[in-house]
Structures are given as C-alpha cells and as structure tokens.
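One structure below.
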Amino acid sequence: MDSSTESARTVVYRPARPEDGAAIEALDGSFTTDAVYEVTVTDGGFTILPMPVDPPFRKVFPDDGEDGEEEGDEEGRSGDGDGSLPTRRTVVAVAGDELCGFVATSFEPWNARLTVRDIEVAPGWRGRGIGRALMGHALDFARECGAGHLWLEVSNVNAPAVRAYLRMGFAFCGLDTSLYDGTASAGEKALFMALPVR
C-alpha cells in the first residue's frame, strides 16, 4: 500500500468543535488554475464556457471575515432552544492533529435549501476524495433538514472547484456579475450551482 493510500485512510470526519476555529481560519484555500469559466451575458441569458489560461495562475483568497461566525462553532439551531433542527453545521476532516479540510453549511427552511457556505481542502490533501466526502456530509445534513437541494456560489476563476462540483453532480443555476464589485476579486463572476437531494 502506498503512503498516499495509507494517509487517506487515516482521515476522520467529525463535527467541528470551537477549538477547531483557528485551524479552519488558517487553512490554505488558495488554488492554481489553467482555466477560467468565461461568462458571456446576452439579452437572452448567458453562456459559461471553460477557457484555458496560459500561464496558469494562483489565486489566494483575501481574509474577508465573511459573516462574523466562527467556523469552529457548534451547530446553530433554529428557534429558541425548542429542540428544533440545527440550521448550521460544519464538518471537519482531520488526520491526527492535522486539519485536512472542512465544509460549512446552513439550512434555510423557507425554501428548503442547504447552502454550502464554504468548503476547503488543504493543498497537500487534494485529489484524495476528501472534498467529495465532505460534500457527502453536507448531503447527509441536507437530508436531515428535509432540504430539496444543495446550493453554492463559486468564482468563475476557480475552475478546479467548478470541475469538482460538476463531477459531483452539481449544475449551473445562475450567476451574479456584480457580486465581487468593490472587493479584491472585482472582475470575477459569481457562479451559482445546485444539486438535488435524493
């Protein structure tokens, strides 16, 4: 058995704990890509086509302090301690003391949507099925909540993530050409993708 197979077998998936917050914040979510998904908006809709880029480039995400919630927090619940279902869940992938990746999700009862707020796999652990396993945990949570679909947003320059989501069964369901205006990612387009929960 090679060492990568042995390493992948030692990964444990569990709910995030408050003490995981610092490791989640420190995870390197950067990526290198040799393509971008070019978005062309027309009067009648839009097209999304992968286009090669040469040379490949590396994208490092700015620290955005997204929504003030610590990713390592315990599950959030709807209602006021009334025993209702959790509305947020973060699952981490760990190997020993090393954080390999995480997925942070939230459920919106009004439209039965489970949003994948963030999913990241550490560079040294990519290509080993960890992202797919984390998305499986998101699907499990979606089923618990009675969600009809998973939904996520991804930048058009994050071709590695888009390709992974397409392989997992996600499909494009919309876009926002102005979401990143006024940010360090200005000029990028937000692609929305969804996956039915079966």
Side-chain angles (χ1 to χ4, degrees), residues 1-33 56-77 85-107 114-145 147 150-155 157-170 183-185 188 190-191 193 195 197:
M1 182 180 314
D2 68 50
S3 61
S4 66
T5 303
E6 183 61 32
S7 297
R9 294 176 69 164
T10 63
V11 176
V12 174
Y13 299 87
R14 62 166 172 76
R17 302 172 184 147
E19 59 268 22
D20 295 323
I24 289 171
E25 289 288 321
L27 192 101
D28 178 3
S30 66
F31 63 89
T32 300
T33 185
F57 70 91
R58 182 170 183 255
K59 166 83 180 202
V60 177
F61 291 98
D63 181 19
D64 60 2
E66 185 179 355
D67 56 13
E69 295 177 13
E70 289 294 321
E71 298 294 358
D73 285 353
E74 296 175 27
E75 293 180 347
R77 296 194 176 271
L85 287 173
T87 57
R88 316 181 259 121
R89 179 175 293 165
T90 299
V91 172
V92 295
V94 295
D97 293 333
E98 182 181 1
L99 180 79
C100 306
F102 72 94
V103 62
T105 57
S106 60
F107 176 65
L114 190 85
T115 298
V116 178
R117 294 182 2 244
D118 199 356
I119 182 168
E120 295 183 26
V121 176
W125 290 92
R126 293 177 187 162
R128 300 186 193 190
I130 292 171
R132 183 175 290 275
L134 287 166
M135 198 64 81
H137 285 275
L139 269 169
D140 290 345
F141 184 42
R143 290 183 190 103
E144 281 179 44
C145 294
L150 267 68
W151 181 91
L152 58 81
E153 172 268 317
V154 61
S155 168
V157 304
N158 195 348
V162 172
R163 288 189 291 250
Y165 300 144
L166 289 170
R167 284 191 304 269
M168 290 179 206
F170 281 83
T183 74
S185 298
E188 297 177 20
L191 306 178
M193 302 181 77
L195 174 69
V197 174

Look up atom CZ in Phe107 and atom OG1 in Thr115, then write down how far apart they are to the nearest 0.5 Å. 10.0 Å
Could you state the interatomic distance from CG (Leu99) to CD1 (Ile24), rounded to the nearest 0.5 Å? 6.0 Å
Roughly how far, to the nearest 0.5 Å, is CE of Met135 from CD1 of Ile130? 14.0 Å
Locate the shortest heavy-atom distance separating Arg117 from Ser106; write the atom from each residue and the value. CD-OG, 3.4 Å
Glu188 and Lys59, any side-chain heavy atoms less than 4.5 Å apart: yes
Looking only at heavy atoms, what is the nearest atom pair of Leu150 and Ala142, with distance? CD1-CB, 3.5 Å
List the atom of Ala93, the atom of Val11, and the distance in Å for their closest heavy-atom pair. CB-CG1, 3.8 Å
If we only count heavy atoms from C-beta on, is the Thr32 to Phe57 side-chain gap below 4.5 Å? no
Would you mind telling me which of Val103, Thr105, Ile119 makes a side chain to side chain contact (heavy atoms under 4.5 Å, CB included) with Val91? Val103
What's the spacing between Leu27 CG and Phe102 CZ if we round to 0.5 Å? 6.0 Å
Looking at Val162 and Ser155, what are the two nearest heavy atoms and their distance? CG2-O, 4.2 Å
Minimum heavy-atom distance Ala147-Val197, with the two atoms named: O-CB, 3.5 Å
Rounded to the nearest 0.5 Å, what separates atom CG in Leu114 from atom OG1 in Thr87? 10.0 Å
Leu166 and Met193, any side-chain heavy atoms less than 4.5 Å apart: yes
Test item: Arg126 side-chain N/O and Val121 main-chain N/O as donor-acceptor pair under 3.5 Å: yes
Can you tell me how far the CZ atom of Phe170 sits from the CG atom of Leu191, to the nearest 0.5 Å? 13.5 Å
Heavy-atom pair of closest approach, residues Tyr13 and His137: CB-NE2, 3.3 Å
Residues Arg89, Asp140: salt bridge by 4.0 Å N-O rule: no
Do Arg14 and Asp20 make a side-chain contact, defined as non-hydrogen atoms from C-beta onward lying under 4.5 Å apart? yes
